[in-house]
Amino acid sequence: MHPNLEPRKIQYLTNLQVYFDNNAYHNLVMLEAEGYSNDEMIGIPSFVKKSGLNDLPPDGILEFDLVIEPLDPEKKDVLNWSTKIIFDLNKFPEKLKGIKVNAKKNSDIVLIDD
């Protein structure tokens, strides 16, 4: 990350996919998001969890912001982003009901079946 630039939300989320790998040893989830920003700096996209690592809001929705960590202050007209994260559902309370990802201008949610 550029030392003088703070992370900020990607403008638009265009695709959110959740893939589950449920087997006897682990309960992994891969979260994949795509989006774009207009008039933005080159950087690294990432997910930032909105609450503490093991905290889950009463509604059971695990929430992330989709952010860009700028590397260079030079702006481009349009930049497309794609990023993935894998996490273990066993590390979260059993009441997890969904995953929400927020961009600056929109958001998306995937509900998890019991």
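The model shown is predicted, which means the values in this text are computed figures rather than measured ones. What you see below is based on every heavy atom in this structure, not just the backbone, and it leaves out hydrogens, waters and symmetry mates.
One hydrophobic cluster, built from ILVMFWY side chains closer than 4.5 Å, holds both Ile85 and Val110. Under the 4.5 Å side-chain contact rule for hydrophobic residues, Ile61 and Val18 do not share a cluster. Transitive grouping of hydrophobic side chains (ILVMFWY, heavy atoms separated by less than 4.5 Å) keeps Leu111 and Leu96 in distinct clusters. Placement of Ile86 and Tyr19 within a single hydrophobic cluster is found when ILVMFWY residues are connected by side-chain heavy-atom separations under 4.5 Å, directly or transitively. Under the 4.5 Å side-chain heavy-atom criterion for grouping Ile, Leu, Val, Met, Phe, Trp and Tyr, Tyr36 is not connected to Leu66 through any hydrophobic cluster.
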Begin with the C-alpha distance, continue with both residues' side-chain angles, and end with the deciding distance and a verdict on side-chain hydrogen bond (donor to acceptor under 3.5 Å, both in side chains) for Asn15 and Gln17.
-> CA-CA 7 Å; Asn15 187 30; Gln17 298 291 323; 3.1 Å; yes
Checking side-chain contact (heavy atoms from CB on, under 4.5 Å) for the pair Leu31/Phe64: CA distance, chi angles, key distance, verdict?
-> CA-CA 10 Å; Leu31 182 61; Phe64 295 92; 3.9 Å; yes
From CA spacing to verdict: side-chain hydrogen bond (donor to acceptor under 3.5 Å, both in side chains), Glu32, Ser82 = CA-CA 7 Å; Glu32 180 178 15; Ser82 177; 4.6 Å; no
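Note that CE of Met30 and NZ of Lys84 are 5.0 Å apart. Values are rounded to the nearest 0.5 Å. One distance of note links NZ of Lys105 with NZ of Lys9; it measures 11.5 Å at 0.5 Å rounding.
When only modelled atom types and interatomic distance are considered, Glu63 and Asn102 share a side-chain donor-acceptor pair under 3.5 Å.
Contact of the Leu16 side chain with the Ile109 side chain is not registered, since no non-hydrogen atoms from C-beta on lie closer than 4.5 Å. Lys75 places a side-chain heavy atom less than 4.5 Å from the side chain of Asp39.
Checking side-chain atoms of Glu34 against main-chain N and O of Thr14 turns up no donor-acceptor pair under 3.5 Å. Side-chain atoms of Asn106 come within 3.5 Å of backbone N or O of Leu13 as a donor-acceptor pair.
The two residues Ile42 and Lys76 make their nearest non-hydrogen contact at CD1-CE, 3.6 Å. Considering every non-hydrogen atom in both Ile99 and Val29, the closest pair reads CD1-CG1, 4.3 Å. Considering every non-hydrogen atom in both Ile10 and Pro45, the closest pair reads CD1-CB, 4.1 Å. Nearest heavy-atom pair, Ser37 versus Gln11, reported as atom, atom and distance to 0.1 Å: OG-N, 3.0 Å. Closest approach of Asn38 to Val78, counting heavy atoms only: OD1-CG2, 3.4 Å. The two residues Asp72 and Leu5 come nearest to each other via the heavy atoms C-CD1, 4.1 Å.
When each of Ile68, Val67, Ile44 is checked for a side chain to side chain contact (heavy atoms under 4.5 Å, CB included) with Trp81, only Ile68 meets the rule.
Taking a cutoff of 4.0 Å between a charged side-chain nitrogen and a carboxylate oxygen, Glu40 and Arg8 qualify as a salt bridge.
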